[in-house]
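Taking it in order: structure first as C-alpha cells, then the write-up.
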Amino acid sequence: MTSKIFGSIVALVLACSTATAADIRRVVTALDANDKAIALFDGRVTLEPGATPSAKLWVTEASPAPLSFTDDSGAKRAPRRGLPVRHPLMHRTRTVDYAVVLSGEIDMMLDDAVVHVRAGDVIVQQATNHAWINRGTQPCRILFALIDSRQP
C-alpha cells in the first residue's frame with residue numbers, strides 16, 4: 001500500500017510541479033542531537049528519464065498501522081520527545097508525513113528555521129515540530145499522506 005501512495009504522490013507532483021520536468025524539490029525534516037526540528041535535506045531530486053519520469057523521494061518500508069473502528073486516530077497524542085514549541089500553530093505527530101504542495105506557497109516553521117516551499121515541492125516530515133504559515137495573499141493547497149511511526 002505504501003508503494004501505491006508513493007506512486008500517486010510522485011504522479012501528483014509531476015502533474016502540479018512548477019519545476020522543470022527533470023527534477024523535483026524535496027525537503028526532509030529530522031531531529032538533531034538536541035531534539036530540534038531541522039531541514040535534514042533540502043534540494044532537488046533528479047527524475048529518471050523515460051516514458052514516465054520518476055524518482056524515489058523517500059521510502060517507508062514498514063508501518064505499524066493497526067485498524068480501529070471506534071478510536072479517533074486524529075486524536076493521537078504527540079510524541080513525548082521534543083522541545084516546547086515557539087509558535088501557537090506548531091505541532092508534532094508521531095508520523096512520517098509526505099506532503100506535496102499543489103498550489104501556492106507557504107512557510108514551514110521548524111524549531112530554529114523557516115523553509116519556504118511552493119507548488120511542486122515535496123516535504124517529508126519525520127515526527128518533527130512544525131507549523132505552516134501562509135504569509136502570502138493566495139491560498140496554499142497541500143496534499144498530506146501520514147504514516148504511523150515508532151516513537152523517535
Side-chain angles (χ1 to χ4, degrees), residues 1-50 52-60 63 65 72-149 152:
M1 180 170 145
T2 303
S3 63
K4 289 181 184 177
I5 292 171
F6 176 77
S8 299
I9 290 172
V10 171
L12 195 55
V13 168
L14 292 174
C16 299
S17 178
T18 58
T20 66
D23 63 11
I24 295 174
R25 181 177 179 210
R26 177 191 69 158
V27 178
V28 179
T29 67
L31 294 175
D32 69 9
N34 297 313
D35 290 333
K36 288 188 176 182
I38 60 167
L40 180 65
F41 304 111
D42 184 352
R44 303 207 76 81
V45 176
T46 302
L47 300 175
E48 296 295 324
T52 307
S54 64
K56 287 187 179 179
L57 300 174
W58 197 255
V59 176
T60 301
S63 176
D72 180 0
S73 63
K76 286 186 178 180
R77 294 185 180 194
R80 285 171 270 138
R81 184 178 175 199
L83 300 174
V85 298
R86 68 179 183 128
H87 188 278
L89 297 177
M90 191 168 277
H91 60 285
R92 183 175 182 204
T93 56
R94 194 193 68 228
T95 57
V96 176
D97 304 352
Y98 290 90
V100 179
V101 182
L102 301 176
S103 64
E105 51 190 84
I106 197 162
D107 289 334
M108 176 178 62
M109 179 182 282
L110 301 174
D111 286 321
D112 287 336
V114 175
V115 179
H116 187 76
V117 293
R118 55 181 53 97
D121 292 348
V122 175
I123 303 101
V124 180
Q125 293 178 334
Q126 300 184 89
T128 55
N129 283 341
H130 63 282
W132 298 105
I133 304 165
N134 188 341
R135 294 184 169 104
T137 59
Q138 299 296 314
C140 179
R141 290 183 178 232
I142 306 175
L143 169 73
F144 291 96
L146 281 63
I147 300 173
D148 195 21
S149 67

Over all atoms of both residues, closest heavy-atom pair of A127 and R94: CB-CA, 4.4 Å
Please find the pair of heavy atoms, one from V96 and one from V124, that lie closest to each other, and give the distance. CG1-CG1, 4.0 Å
Residue pair H130 / H91, side-chain heavy-atom distance below 4.5 Å: yes
Minimum heavy-atom separation for N134 to C140, with atom names? ND2-N, 3.6 Å
Flag side-chain contact, heavy atom, 4.5 Å: D111 against I38: no
To the nearest 0.5 angstrom, please state how far the CD atom of Q125 sits from the CG atom of D97. 5.0 Å
Could you give the distance from OG1 (T95) to CZ (F144), rounded to the nearest 0.5 Å? 10.0 Å
I24 side, atom CD1; R44 side, atom CZ - distance, nearest 0.5 Å: 8.5 Å
Flag the pair Q126 / V28 as yes when at least one side-chain heavy-atom distance between them is below 4.5 Å, and no otherwise. yes
Would you compute the distance between atom CD1 of I133 and atom CD1 of I106 and round it to the nearest 0.5 angstrom? 8.5 Å
Side chain D32, main chain N34, donor-acceptor under 3.5 Å: yes
For V114, does its backbone N or O pair with a side-chain atom of H116 as donor and acceptor, under 3.5 Å? no
Can you check whether Y98 reaches V100 side chain to side chain, under 4.5 Å on heavy atoms? no
Determine the minimum heavy-atom distance between L110 and A39, stating which atoms define it. CD1-N, 3.5 Å
For M108 and V27 the tightest heavy-atom approach is CE-CG1, 3.8 Å
Could you walk me through whether T29 and N129 pass side chain to side chain contact (heavy atoms under 4.5 Å, CB included), step by step? CA-CA 9 Å; T29 67; N129 283 341; over 6 Å; no
